[in-house]
Protein chains: 2
Amino acid sequence: METQPLNFEVIARDGNARAGILTTARAVIETPVFMPVGTAGTVKGIRFEELESRDLDAQIILGNTYHLWLRPGIETIKAGGGLHKFIGWERALLTDSGGFQVWSLGKLRKITEAGTEFRSHIDGALCFLSPEISMEVQAALGAEIAMAFDECAPGEATPEEARASMELTLRWAKRSREAFDRIAQVANLRSGHTEATAQVNNLRYQQALFGIVQGASYLDLRRESLERTVEIGFAGYAIGGLSVGEEKPVMLEVIEEIAPRLPPEKPRYLMGVGTPQDLIEAVARGVDMFDCVLPTRNGRTGQAFTARGKLNVKNARYAQDQRPLDELCGCSVCRRHSRAFLRHLYLSGEMLASILLTHHNLAFFLDTMRRVRQAIRSGQFTKFHREYTEQMNSGLE
Amino acid sequence: METQPLNFEVIARDGNARAGILTTARAVIETPVFMPVGTAGTVKGIRFEELESRDLDAQIILGNTYHLWLRPGIETIKAGGGLHKFIGWERALLTDSGGFQVWSLGKLRKITEAGTEFRSHIDGALCFLSPEISMEVQAALGAEIAMAFDECAPGEATPEEARASMELTLRWAKRSREAFDRIAQVANLRSGHTEATAQVNNLRYQQALFGIVQGASYLDLRRESLERTVEIGFAGYAIGGLSVGEEKPVMLEVIEEIAPRLPPEKPRYLMGVGTPQDLIEAVARGVDMFDCVLPTRNGRTGQAFTARGKLNVKNARYAQDQRPLDELCGCSVCRRHSRAFLRHLYLSGEMLASILLTHHNLAFFLDTMRRVRQAIRSGQFTKFHREYTEQMNSGLE
C-alpha cells in the first residue's frame with residue numbers, strides 16, 4: 001500500500017524565505033511554523049483548548065520520546081490508543097528521537113556504536129536507546145513526524161570529535177531509516193486492507209521520518225552530513241546540534257550554509273531554536289519549522305516576550321503599571337490583565353502567573369510566525385524583517 | 001443618596017431549603033451559591049475566562065482582605081482601580097474581613113480589645129488589624145459584599161472562652177458596622193451627585209456588610225450571638241467558626257439551630273464549608289451561600305470530587321483507566337481527558353494536572369449547586385438530597 005504520509009508544497013518565496021503548506025493526515029500546517037514543546041505529553045502550563053484557540057491556533061506540537069518512554073511508558077500510551085488519544089490532541093504531533101535528550105544527560109550516559117546506555121532521570125534505572133528502539137517507540141507514539149536517532153556534538157567539539165559524532169549519526173540515520181521502513185511495512189501488511197484498521201494501528205503507515213544534519217560548527221562537516229543524509233533519503237530534513245553553546249553568529253552561519261542547500265521540495269526543520277529574532281533570521285535563510293521551550297520556560301520564570309524585547313514582570317517598575325504585557329498584542333492575557341497584576345501573581349508564587357505568561361508568550365511566538373508567513377506571501381518579508389528587528393531593538397518604555 | 005447595594009429575594013422553598021436571587025450592581029446570583037476562593041486575587045490554578053465559562057459560570061468569587069492587604073497592598077490595588085479592575089473580574093466579589101486569617105496565625109498573633117496584632121506571613125513585619133482598619137481596607141478593595149471583623153473560638157473552646165470570644169466579636173461587629181457606615185457616608189457625600197463618580201470611587205456606596213454569628217459549638221451562645229448580631233443589623237448574616245476542628249454532627253447541629261432562625265429575608269452564608277455533601281446538608285438547613293478551598297486545594301493535591309466520592313488520581317489502579325474522572329460529568333476536562341492521562345500528569349509534576357483537576361472540581365461543585373437550585377425550585381429537593389447522598393456513598397468502581 002502506497003500512501004503519502006506527508007505532503008509539502010512551497011507556495012511562495014521571498015529571497016531564501018519560503019512559505020509553504022505541510023499536510024498530514026490530521027492537520028494542514030502553514031509554514032514557517034513554530035511548534036510548541038509538549039515534553040511529557042503536555043505543553044507546560046497551558047490547556048489543549050488554549051493551544052487550539054484563535055489566540056494560538058497551534059497546528060502541531062512536539063512530544064519527547066525520551067520522557068514519554070520512561071513515563072508513563074509505551075504500554076500505557078498504547079493502551080490509551082497512541083499519543084494523540086492518550087493526551088487528547090487531535091492535531092499533528094512531531095516526536096523527537098530521544099537522541100538529544102539522552103545526549104543532554106552528560107555523564108549519566110554512555111554512547112556506543114549500538115546506541116546509548118543511560119540512567120533514567122526519574123528512578124536511576126539503566127536504560128538503552130538505539131535507532132531501532134527509538135523507531136519502535138516513535139511508531140507506538142504515532143506522531144505524524146518521527147525523527148531519526150542522532151548524536152550531537154558539543155559546541156566546543158574538535159574537528160575530530162565532530163566528525164566522529166557526524167559519522168555515527170549517519171550510521172544511525174541509516175539504521176533509523178531501515179528500522180522505520182521495516183516497521184511501516186509490517187504495519188501496512190497488518191492493517192493493509194482498510195483505512196480503519198490502519199488508524200487503529202496508531203496510524204503507523206501515516207508516519208513520516210525526518211533525517212538530521214549534524215557536524216557542529218564545521219561547515220565542511222555540515223555539508224558532508226547534508227549530502228550523505230539526503231542520500232539516505234527522508235521526508236524532511238532537520239538541522240540539529242545548534243543552540244548548544246556556540247556563538248549566535250556561528251549558528252546563523254551554519255544555517256545560512258545548510259538550509260538553502262537542503263532539497264527544496266522537502267520541509268526544513270531547525271531543532272530547538274530560538275528567540276523570535278532567531279526564528280526570523282532562520283526563516284530568512286530558508287528554514288520552515290521550529291521548536292523551542294523558550295516561550296513556555298521563560299513564562300514560568302516571569303519573562304514575557306514582547307514586540308519591544310523581553311519584559312521581566314518581577315521588575316519593581318511594573319508594580320503599578322496598568323498597561324498590558326505588550327501593548328501591541330491582542331491575546332486574551334493582554335486584553336484582560338495588567339503588568340501590575342501579573343507581577344503581583346508572580347511575586348505571590350501563584351500558578352496563574354505561569355499560566356498567563358505562558359499563554360502570552362506562545363501567542364507572541366505563533367503570531368510572529370503568522371506575520372512572517374503573510375510577509376513572505378505578499379513579498380514583503382525583507383521589509384517585515386527590518387521593521388521587526390528595529391522595533392525589537394527599540395527597547396521597552 | 002439612598003441606594004440598595006444588595007437585593008435578596010427568596011423565590012422558592014422546600015422544607016428549610018431555599019432558592020433565591022441575590023442581586024448586586026455587577027451580578028445576578030442564584031442561591032444557594034458556591035463561591036470559589038480567590039485568596040490573593042486569583043482562584044488558584046484557573047483563569048478568569050474559565051470561571052466565566054459555561055462549565056463553571058461562577059457569578060461571585062472571594063478575595064482575602066488579609067492576603068491582599070499584605071500583598072500587593074492597598075495602594076497598588078487602589079492604583080489599579082479597586083480589586084475588580086486590578087484582577088480583571090467584572091462579576092461580583094465578596095471579601096472576608098481578615099479576622100479568620102489572622103486568627104489562623106495562632107501564636108503569631110495577639111488579640112486585644114482594640115484589634116489583632118500579628119506578624120506578616122510574608123516578611124514577619126508587625127501588623128495591626130481592627131474592625132475600623134478592616135472596613136477601610138475592604139472599602140478600598142470594593143467588593144460587593146464586605147464582612148464584619150470577627151474573632152473565632154477554637155473547636156475545643158470552654159464555655160467561658162467561647163463566651164468571651166463571642167462578646168468580643170459582638171463589640172467588633174458594632175464597631176465594624178459604625179466604621180462601615182461612616183466610610184459609606186463619606187463616600188456618598190464625596191461621590192454623591194452622579195452614579196459615575198460613585199463608581200470611580202470603588203463603588204463604595206454599593207457595598208453591603210454582612211455580620212457573623214459566632215459561639216463555637218454552644219447552642220445557647222450561638223442563639224445569643226444571633227440575636228445580638230441581628231440587633232446591630234446587617235445586609236446578610238454569616239455563620240462563622242465552623243469547620244475548625246469540631247465533629248461533623250456538631251457542625252450540622254449548630255447550622256440546624258442557627259440557620260432557620262436568621263432573618264428570612266436576608267442571605268445566609270456558611271463560611272469555609274465544605275464537601276459537596278456538607279453543602280447539601282447545610283442547604284437542607286436553610287443556608288444560601290458557601291465558600292471553601294476544597295475544590296481548588298484538593299485539585300492541586302491530585303484529588304477529584306466525583307458523584308461517587310473522592311478519586312485520588314495518584315492511585316495505581318488508574319494507570320491505564322481510559323474513563324474520565326467522573327463519568328457523569330460533562331465538564332471540558334471529563335469530555336477530553338482520561339484518568340490515565342491525569343495520573344501521568346500528576347506523577348510527572350506537571351502544572352496541567354493541577355489546572356485540570358481544579359477545573360473539574362470547581363465544575364463539580366458549581367454544577368452540584370445548580371442541581372440543588374433546580375431541585376428546590378421544582379419541589380424535589382428531598383428526593384435530590386436522598387439520591388445524591390446514596391450515589392455519593394455508593395463508591396467508585
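Each chain gets a letter, A, B and so on, in the order its sequence line appears, and its residues count up from 1. Treat the numbers as computed from the prediction; the structure is a model and nothing was measured.
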- Query: Under 6.0 Å from the CD atom of A/Glu90, do we count more than 12 heavy atoms belonging to anything else shown?
  - Reply: no

- Task: Would you mind telling me which of A/Ile145, A/Val137, A/Leu141 makes a side chain to side chain contact (heavy atoms under 4.5 Å, CB included) with A/Thr95?
- Result: A/Leu141

- Residues forming a salt bridge (Lys or Arg N to Asp or Glu O under 4.0 Å) with A/Glu327, sequence neighbours excluded: A/Arg323

- Query: Sub-3.5 Å donor-acceptor pair from the side chain of B/Gln138 to the main-chain atoms of B/Met147, do we have one?
  - Reply: yes

- Message: Taking 4.5 Å as the heavy-atom cut-off, does anything in residues 54-71 of chain B contact chain A, and if so which residues?
- Response: B/Leu68, B/Arg71

- Note on the structure: Applying salt bridge (Lys or Arg N to Asp or Glu O under 4.0 Å) to B/Arg343 and not counting sequence neighbours gives none

- Quick one: what part of B/Ala319 sits under 4.5 Å from any heavy atom of chain A, side chain, backbone, both or neither? backbone

- Message: If I measure from the heavy atoms of chain B, does A/Thr39 come under 4.5 Å with its side chain, its backbone, both, or neither?
- Response: neither

- Item | Segment of A/Val333 engaging chain B (4.5 angstrom heavy-atom cut-off) | both

- Query: chain B: which of A/Met351, A/Lys44, A/His344, A/Lys85 shares the most heavy-atom pairs with it under 4.5 Å?
  - Reply: A/His344

- Please list, chain by chain and in numerical order, all residues satisfying side chain to side chain contact (heavy atoms under 4.5 Å, CB included) with A/Thr42, sequence neighbours excluded. B/Leu345, B/Glu350, B/Leu352

- Query: Between A/Arg336 (side chain) and B/Gly88 (backbone), is there a donor-acceptor pair under 3.5 Å?
  - Reply: yes

- Item | Residue among A/Ser354, A/Ser348, A/Ala40 with most heavy-atom pairs under 4.5 Å to chain B | A/Ser348

- Item | B/Glu49, CD: over 12 other non-hydrogen atoms inside 6.0 angstrom | yes

- If you tally heavy-atom pairs under 4.5 Å between each of A/Ile355, A/Ile46, A/Thr76, A/Ile87 and chain B, the highest tally belongs to A/Ile87

- Above 12 or not: heavy atoms from other molecules or residues under 6.0 Å from CZ of A/Arg109? yes

